[in-house]
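A short write-up of the structure that comes next.
All chains are named by letter (A, B, ...) in the order of the sequence lines, taking the proteins before the strands, and each is independently numbered beginning at 1.
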2 protein chains.
Amino acid sequence: MEPKGRTRMTIGQLAEKTATDAQTIRYYERQGLLLDPPRTESNYRVYDENSVTRLTFIKRAKEIGFSLNDIKVLQGIADGEVRQCSEIQAFAESRLSKIRAHMADLTAMERTLSSLVNQCALSDKIEDCPILETLTERE
Amino acid sequence: MEPKGRTRMTIGQLAEKTATDAQTIRYYERQGLLLDPPRTESNYRVYDENSVTRLTFIKRAKEIGFSLNDIKVLQGIADGEVRQCSEIQAFAESRLSKIRAHMADLTAMERTLSSLVNQCALSDKIEDCPILETLTERE
DNA sequence: AACAACCTTATAGTAAGCTATAAGGTTGCA
DNA sequence: TGCAACCTTATAGCTTACTATAAGGTTGTT
């Protein structure tokens with residue numbers, strides 16, 4: 001841990017440091033993902049290293065496939081609203097099953113579409129197009 | 001092919017027949033995915049079997065992973081703006097590569113998240129949670 | 001003092017694909 | 001004739017995660 005309250009940054013510096021747009025940081029604040037930071041006399045937001053950690057947490061969680069809403073829950077857990085690691089595990093598992101369901105959908109699409117594309121090579125006449133045929137045919 | 005102009009349906013009947021909401025049918029019309037149908041004297045839309053075919057085309061294409069915008073392009077092709085099946089093939093291939101890219105993203109997420117979830121079993125203390133650790137650790 | 005480059009807020013727009021609501025006209029049947 | 005169940009339009013709202021714009025205040029440098 002860096003010494004607390006040592007670094008002081010404007011929103012632009014935090015944005016730079018975390019490769020996030022300043023607008024996005026304000027947006028996360030409005031959404032309750034980032035605490036309202038202290039302000040200078042002229043009402044500028046002041047951030048420190050903890051803010052960098054927070055924001056990095058958000059970016060990592062997004063990469064892993066959590067939505068902003070999921071991340072709020074994760075933060076609640078990290079901040080001690082919940083005591084058991086198993087609760088996070090369960091939460092991550094539910095997100096995992098959503099990801100897997102989404103993958104299954106895409107796999108089915110991929111299969112159908114790639115097989116259609118492969119059938120295309122046979123003829124270049126539009127009347128024989130297997131893709132249009134599939135889309136139009138009666139069940 | 002059914003005899004043309006034989007069947008006459010209201011929007012509700014078309015909706016029923018294609019398992020689509022009537023609102024959605026009007027929405028597709030506004031988006032240019034369905035032609036403006038003829039109207040009765042009292043301004044009710046009148047549909048026929050061609051409309052069923054059109055709408056079924058849209059639903060199938062959606063299932064295969066085309067967006068509504070993609071579908072407009074497909075329809076342009078089907079309606080004769082383009083003559084070569086290879087053009088549809090190329091279009092389908094570009095959609096296919098988007099689907100595959102999306103799948104690759106999800107696969108990476110799935111891998112990370114499932115490995116984290118598997119590490120969870122070791123301890124139930126929140127301080128040891130591998131998920132929170134991963135999200136918070138410095139690079 | 002001038003000026004760019006920052007910061008502030010509020011508000012609205014984007015993408016995609018609907019879904020809901022209001023306020024009214026029409027049809028079909030008892 | 002009454003009434004439900006349809007139909008019509010226009011308008012606004014939903015979801016997610018921003019992004020843009022306007023209109024203004026502050027900071028730092030020359």
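- Residues A/Asn50 and A/Thr53 have side chains that never bring a donor and an acceptor to within less than 3.5 angstrom of each other.
- The side chain of B/Tyr44 has C/dG25 as its nearest neighbour among D/dA17, C/dC18, C/dG25.
- For B/Asn118 and B/Ser115, the side-chain atoms include no donor-acceptor pair closer than 3.5 Å.
- The interatomic distance linking A/Asn43 (CG) with D/dA23 (P) rounds to 21 Å, in whole Å.
- Salt-bridge formation is detected for the pair A/Lys17/A/Glu49: a Lys NZ or Arg NE/NH1/NH2 atom is positioned less than 4.0 Å from an Asp or Glu carboxylate oxygen.
- Residues A/Met109 and B/Gly65 approach most closely at SD-CA, 3.4 Å, considering heavy atoms.
- Put simply, B/Arg45 has no side-chain N or O that comes within less than 4.0 Å of OP1 or OP2 on D/dC6.
- A heavy-atom distance below 4.5 Å is found between the side chains of B/Cys120 and B/Pro130.
- D/dC6 atom P lies 16 Å from atom OH of B/Tyr47, rounded to whole Å.
- A salt bridge does not link A/Asp48 with A/Arg8: none of the charged nitrogens is closer than 4.0 Å to a carboxylate oxygen.
- For the pair B/Leu14 CG and D/dC6 P, the computed distance is 15 Å after rounding to whole Å.
- For A/Lys62, no side-chain nitrogen or oxygen approaches OP1 or OP2 of D/dT16 to under 4.0 Å.
- Taking atom CZ of residue A/Arg95 and atom C1' of nucleotide D/dT16, one finds them 12 Å apart after rounding to whole Å.
- Going from atom CE of B/Met9 over to atom P of C/dT27 covers 19 Å, rounded to whole Å.
- Few gaps surround CD on B/Gln13; more than 12 heavy atoms of other groups in view lie less than 6.0 Å from it.
- In this entry the distance linking CG of A/Asn69 with P of D/dC18 reads 13 Å, nearest Å.
- For residues 21-41 of chain B, proximity to DNA chain C is found at B/Gln23, B/Thr24, B/Tyr27, B/Tyr28, defined as any non-hydrogen atom under 4.0 angstrom from a strand atom.
- Rounding to whole angstrom units, CD1 of residue B/Ile11 and P of D/dT9 are separated by 8 Å.
- Contact annotation: A/Ser42 side-chain N/O to D/dT27 OP1/OP2 distance is under 4.0 Å.
- Spacing between atom CG of A/Leu68 and atom C1' of D/dT19 amounts to 14 Å, rounded to whole angstrom units.
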